Amino acid sequence: MAIKYSPTVIEHFTNPQNVGEVENADAEATEGSPACGDMLTFTLRVNPETHVIEDVRFRSYGCASNISTASMATVLAKGSTVEEVKRFNAKTIAEKLGGLPSTKMHCSVLAVNALKSAIKQWEIKHGLAEEEEIQCNETTIKKLLKHVINPATGQNIVNSEMINYIKIDNAKVFVEIYLGDTDDMYAENIREEVTETLETMKCLDEVVVRILDRRKTEIKEDNGNH
Ligand code: FES
């Protein structure tokens with residue numbers, strides 16, 4: 001089935017704003033999506049006195065939704081302060097674009113996270129923030145899993161209360177996810193996103209994801225061996 005995009009998404013995809021790199025940028029960040037493997041880089045220049053973003057540009061190796069969200073994010077960020085941009089989220093930017101298909105929400109999450117990472121780099125450089133030390137605990141895992149979007153609803157799996165439990169045993173983590181009303185067809189996509197997201201944690205050697213369907217029966221991993 002063809003994906004239907006809003007006119008604003010199509011406008012930003014066919015005519016993206018602020019593409020490229022900022023000359024003499026004072027911060028840069030690249031983020032990749034665990035869901036699709038695409039990448040996005042933002043560069044920016046900030047006025048050190050006012051904290052206003054004077055210039056911001058992006059390069060995307062992502063899809064139409066990703067390019068459109070990144071483009072819209074730069075339009076909104078230019079002229080805003082660092083503090084204002086830190087309050088951006090994927091949902092509000094998607095709304096500015098006239099909405100995104102729920103299966104494409106992870107693309108806008110990638111765009112917003114990459115922009116916020118560039119802001120964080122700027123703050124670290126200017127002594128306004130510290131490099132975060134990743135703690136191997138449930139709180140960090142939940143924070144990371146907020147980047148995993150349920151394609152059926154466009155909401156992240158933590159706020160949708162789909163996480164049944166998280167158990168860390170040395171360098172191994174077990175995560176159980178309850179699909180509830182979500183169709184089983186999304187199980188493998190969610191399993192893959194959770195696994196790849198948690199594999200970015202250097203303190204973990206193994207990630208085991210168990211998915212339960214609406215009758216609380218385990219959906220076994222589909223290895224694609226049909
Ligand atoms: Fe990869 Fe959209 S599918 S960014």
Side-chain angles (χ1 to χ4, degrees), residues 1-21 28-44 56-77 85 88-121 143-160 162 177 182-201 207 209 211 222 224:
M1 196 172 56
I3 293 180
K4 223 167 167 274
Y5 290 111
S6 75
T8 319
V9 171
I10 294 168
E11 164 63 26
H12 276 268
F13 173 58
T14 48
N15 186 22
Q17 306 295 301
N18 305 307
V19 175
E21 281 110 42
E28 170 173 346
T30 298
E31 292 257 332
S33 161
C36 63
D38 290 333
M39 310 261 291
L40 182 66
T41 300
F42 278 94
T43 45
L44 49 85
V56 50
R57 293 181 176 270
F58 76 97
R59 282 226 184 270
S60 165
Y61 301 91
C63 66
S65 304
N66 182 256
I67 292 170
S68 301
T69 315
S71 169
M72 177 60 94
T74 59
V75 170
L76 297 172
V85 174
F88 283 11
N89 68 46
K91 202 164 160 249
T92 48
I93 295 190
E95 277 165 14
K96 292 256 179 221
L97 287 167
L100 280 173
S102 54
T103 52
K104 289 281 166 187
M105 274 307 285
H106 75 268
C107 319
S108 77
V109 171
L110 170 63
V112 174
N113 286 347
L115 175 60
K116 287 188 178 176
S117 262
I119 296 274
K120 184 80 187 260
Q121 289 312 315
K143 204 167 148 196
L144 281 176
L145 290 182
K146 282 196 174 179
H147 297 166
V148 176
I149 304 293
N150 176 358
T153 60
Q155 305 293 321
N156 78 63
I157 61 170
V158 177
N159 292 354
S160 316
M162 293 171 73
I177 290 166
T182 299
D183 198 294
D184 294 4
M185 70 184 272
Y186 296 111
E188 287 320 305
N189 176 290
I190 294 172
R191 189 197 307 276
E192 211 176 289
E193 278 206 51
V194 169
T195 307
E196 290 181 15
T197 300
L198 298 184
E199 277 175 354
T200 61
M201 291 180 75
V207 178
V209 183
I211 302 209
D222 173 4

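Everything numeric here is computed off the predicted structure, so don't read it as measured data. We count ligands from 1, going down the list as the structure has it; atoms in each ligand are counted the same way.
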Determine the minimum heavy-atom distance between N189 and P151, stating which atoms define it. OD1-CG, 3.5 Å
Name the one of I93, L100, T92 that satisfies side-chain contact (heavy atoms from CB on, under 4.5 Å) with S108? L100
List every atom of ligand 1 that sits less than 4.0 Å from any heavy atom of H106, numbering the atoms from 1 in the order shown and giving each element. 3 (S)
Have a look at atom 2 (Fe) of ligand 1 and estimate, to 10 degrees, the angle subtended by SG (C107) and SG (C63). 100°
With I190, the side-chain contact (heavy atoms from CB on, under 4.5 Å) member among T195, N150, V209: N150
Heteroatom of D38 nearest to atom 1 (Fe) of ligand 1 (N, O or S, atom name): OD2
Which residue, H106, H12, K104, forms the side-chain contact (heavy atoms from CB on, under 4.5 Å) with S65? K104
